[in-house]
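This report concerns only the one structure given below.
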Amino acid sequence: MMKIKKVRVERFRSINALEIKIDQDENIIAICGKNNVGKTNFLRAMNLFFYPEQYDKQVDMTTLKKATGGGTTHPKISITFFDETKNMDYEIVRDINKRENGEDDLYGSMKNSDGHKNKINLQPEEIKDILNLFDFVYIESINIILPQLINDISNEVIDAKYYKARFANTKSELKKAYDTYIDGLKGILDSFAADISETFNVFQSEWKVKFNVPKNSDSFRELISNDVTLQLDDSGSVGIEDKGAGLQRLTAILLQFELLARKKNKKYNIVCIDEPDVYIHEGLQRNLREFLKQKTDNSQLFMTTHSKVFLNEYTMKNVFLFDANYRVQWSQRKKKDINVVETYLVDIGKEDGYKKICEHLGIEIKTYEPLEDKNIIVEGGCDKKYISQLARFYGFNIPNIVSADGADNIYKFLNFYNGYYSESDKKPIVKVVLDNDSKGRSVFDNINANSYKNIQIKKVLLKNFMGETGDKNVNYEIEDLMYPEVVVYLVNQILEKKMKGINSKNITNRIQTPAFKKNGILALIEHEKNENNPEKGVQITISSSDDSSFKKGMAGMFEIGANKNLITLIEECDKKYPCVREFINNILTFE
């Protein structure tokens, strides 16, 4: 697999110098920011790298360079490609300055990705071979000309024999050749429409894609450029240009991907989409997001967006926030003040950068506690309360414990801390303690400790009170680590005011059997509560995937030092279930 690893843009429109580094674990790259800060310019620069003939120095040169002049005024775009098979980096540079001077504007070098080998210059043919591996597509947010797109599709999917058909001079032979062409074209496009209808049906089940090929054209070229039209039958008007802007936009995106899928001469695709969310409501945005994820197995997708739907707001991997400085500068060359806009990259690993992107995308802002040398991050406040209280009871030293308020939020915390300590000599240890349920195991598997260079990460999955980890089907939360008698005691403190309590002996015996163990103690207590209170059981819900009010109420009452009954109960349980103390000690130990 060959992917883009780094893009650097210099002297292009509002971008004087800007570089982004791509995480190779994610194939979707999202560029965010306010309007008119230069997001689209970055995609345009990538398009210029692949299609330098589209350079227009009247608009593509930076305002500052147009005003000040100088020897290097034209854009330069550098893209580093990573070949994971060979573990090689290929840095290829498109220098428009050289192009304007009549020189070859492409040059590049290669080196081993681990940095142990010196750079070796690439020969022109080698650069050409690398670039020929890729098919690059840029989908603008505006100026999409659907007839031209349909024309391009026709040119791609028509069998080559129709291009090369030699029409005889006689009318009968000409008519026969023409009819053969029309029938063949219709058959090919009908087949193509049937294939892509499946794609459109993901978004709206009743949509049917058709290509209309009338037999009324005067010539072969007119038929291709004018008469082939795309129809989308949704029980209303069939002409695509009669549809709303959102549907036209979605159609353009889907057709481009379907067209890419049918090109066999390229190995990898690079697609740039300017604002895929524009004109499309959130429901279709989510469908489009899933479609794009499926289409990026062998490609990379760069997009600008104002919608959090299209990015992973938890990991923030390959999410880049652009902003711009606006200033007035005197131009000696033009003898007047000029307005300068300079696009720059905001470090979202820093606290102010994270706040900016959250505010821009409408993501709930999380607050971060400062780290110490040794730290524990847990999923929620209940985890923190139980672990810290038991640690005090056992006489253990308690490190800094941070609650992430949800398993998904742990990614945000790790990303923030990794960025925060990027310029520090301090490298804190962070032990991540996760529930042993489906969500916790997913987060556990997706945290790559090696990708966090500025903090040391250790991962732990919770065990139950018998010291068991269980299999992939268990549902162990912090309450399953607690002594079952203590959990029942806390539950009954809440239930006794409104309904019959739970029998501790029944719970203790049943939770140790395979039939009840894997679902967790709260699910068992929920069952027992409903059996004991058939008419009132539904009034209170105990088990919950999140920190419910009931669970928070239980944790709130877990104050060991102020409750003699609780102290006595824990002392008894400590002798019966030594694995609890051992596991708490392991969590608090940093070796």
Does a donor on one side chain sit under 3.5 Å from an acceptor on the other, for [X] and [Y]?
| X | Y | result |
| --- | --- | --- |
| Q54 | N47 | yes |
| K293 | N27 | no |
| S113 | D89 | yes |
| N454 | S422 | no |
| N41 | R44 | yes |
| E91 | T80 | no |

Quick one: pull up [atom1] in [X] and [atom2] in [Y] and give me the separation to the nearest 0.5 Å.
| X | Y | atom1 | atom2 | result |
| --- | --- | --- | --- | --- |
| K34 | L321 | NZ | CG | 9.0 Å |
| D435 | E379 | CG | CD | 4.0 Å |
| C272 | L301 | SG | CG | 8.0 Å |
| N475 | K518 | CG | NZ | 10.5 Å |
| I96 | I77 | CD1 | CD1 | 5.5 Å |
| I253 | L255 | CD1 | CG | 10.5 Å |

Between [X] and [Y] (side chain of the first, backbone of the second, donor and acceptor by atom type, cut-off under 3.5 Å), is there such a pair?
| X | Y | value |
| --- | --- | --- |
| R94 | F49 | yes |
| D277 | T305 | no |
| N16 | R11 | no |
| D60 | F12 | no |
| S191 | I188 | no |

Side chain to side chain contact (heavy atoms under 4.5 Å, CB included) between L414 and I457, intermediate numbers included: CA-CA 9 Å; L414 295 180; I457 295 179; 4.0 Å; yes
Kindly determine whether V433 and D383 satisfy side chain to side chain contact (heavy atoms under 4.5 Å, CB included), including the steps that lead there. CA-CA 9 Å; V433 180; D383 305 71; 5.9 Å; no
Centroid separation Y90 to F81 less than 6.0 Å: no
Residue K3 excluded, over 12 heavy atoms near NZ under 6.0 Å: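 More than 12 within 6.0 Å, yes.
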Check whether more than 12 heavy atoms from other residues, nucleotides or ligands sit under 6.0 Å from atom CG of N36, and answer yes or no.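 Counting neighbours around CG of N36, 12 or fewer heavy atoms of other residues, nucleotides or ligands fall under 6.0 Å, so no.
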Measure the shortest side-chain to side-chain distance between [X] and [Y] over non-hydrogen atoms and say whether it is less than 4.5 angstrom.
| X | Y | answer |
| --- | --- | --- |
| F291 | F257 | yes |
| I273 | V271 | yes |
| L434 | R441 | no |
| Q300 | I29 | yes |
| K5 | I22 | no |
| F310 | P276 | yes |
| I4 | F302 | yes |
| N415 | Y420 | no |

So which atom in [X] and which in [Y] form the shortest heavy-atom distance, rounded to 0.1 Å?
| X | Y | result |
| --- | --- | --- |
| M2 | I130 | CE-CG2, 4.4 Å |
| F82 | Q24 | CD2-OE1, 3.7 Å |
| E477 | K551 | OE1-NZ, 2.7 Å |
| N418 | I455 | OD1-N, 3.9 Å |
| V37 | T343 | O-OG1, 2.5 Å |
| G38 | I15 | O-CD1, 4.2 Å |

E290 vs R286, test: salt bridge (charged side-chain N to carboxylate O under 4.0 Å, His left out). Steps then yes/no. CA-CA 6 Å; E290 294 307 312; R286 295 187 183 280; over 6 Å; no
Pair K128, E126 - check salt bridge (charged side-chain N to carboxylate O under 4.0 Å, His left out), show working. CA-CA 5 Å; K128 182 179 179 181; E126 292 176 309; over 6 Å; no
Between D274 and K39, is the salt bridge (charged side-chain N to carboxylate O under 4.0 Å, His left out) condition met? List the steps. CA-CA 9 Å; D274 194 10; K39 304 185 301 297; over 6 Å; no
Could you walk me through whether T304 and E275 pass the side chain to side chain donor-acceptor pair (under 3.5 Å) test, one step at a time? CA-CA 5 Å; T304 66; E275 297 185 11; 4.7 Å; no
For Y411 and N446: C-alpha separation, side-chain torsions, deciding distance, then whether side chain to side chain contact (heavy atoms under 4.5 Å, CB included) applies. CA-CA 9 Å; Y411 298 120; N446 288 326; 3.3 Å; yes
Classify the ring geometry of F134 against Y268: parallel below 30°, tilted from 30° to 60°, perpendicular beyond 60°. tilted
Determine, stepwise, if the pair H74 / Y55 fulfils ring pair (Phe, Tyr, Trp, His ring centres under 6.0 Å). CA-CA 10 Å; H74 302 284; Y55 178 58; 5.7 Å; yes
Could you please spell out the steps behind the side chain to side chain contact (heavy atoms under 4.5 Å, CB included) verdict for F322 and V346? CA-CA 6 Å; F322 285 13; V346 178; over 6 Å; no
Establish, yes or no, whether the cationic atom of K459 lies under 6.0 Å from the six-membered ring centre of F444 and within 45° of the ring axis. yes
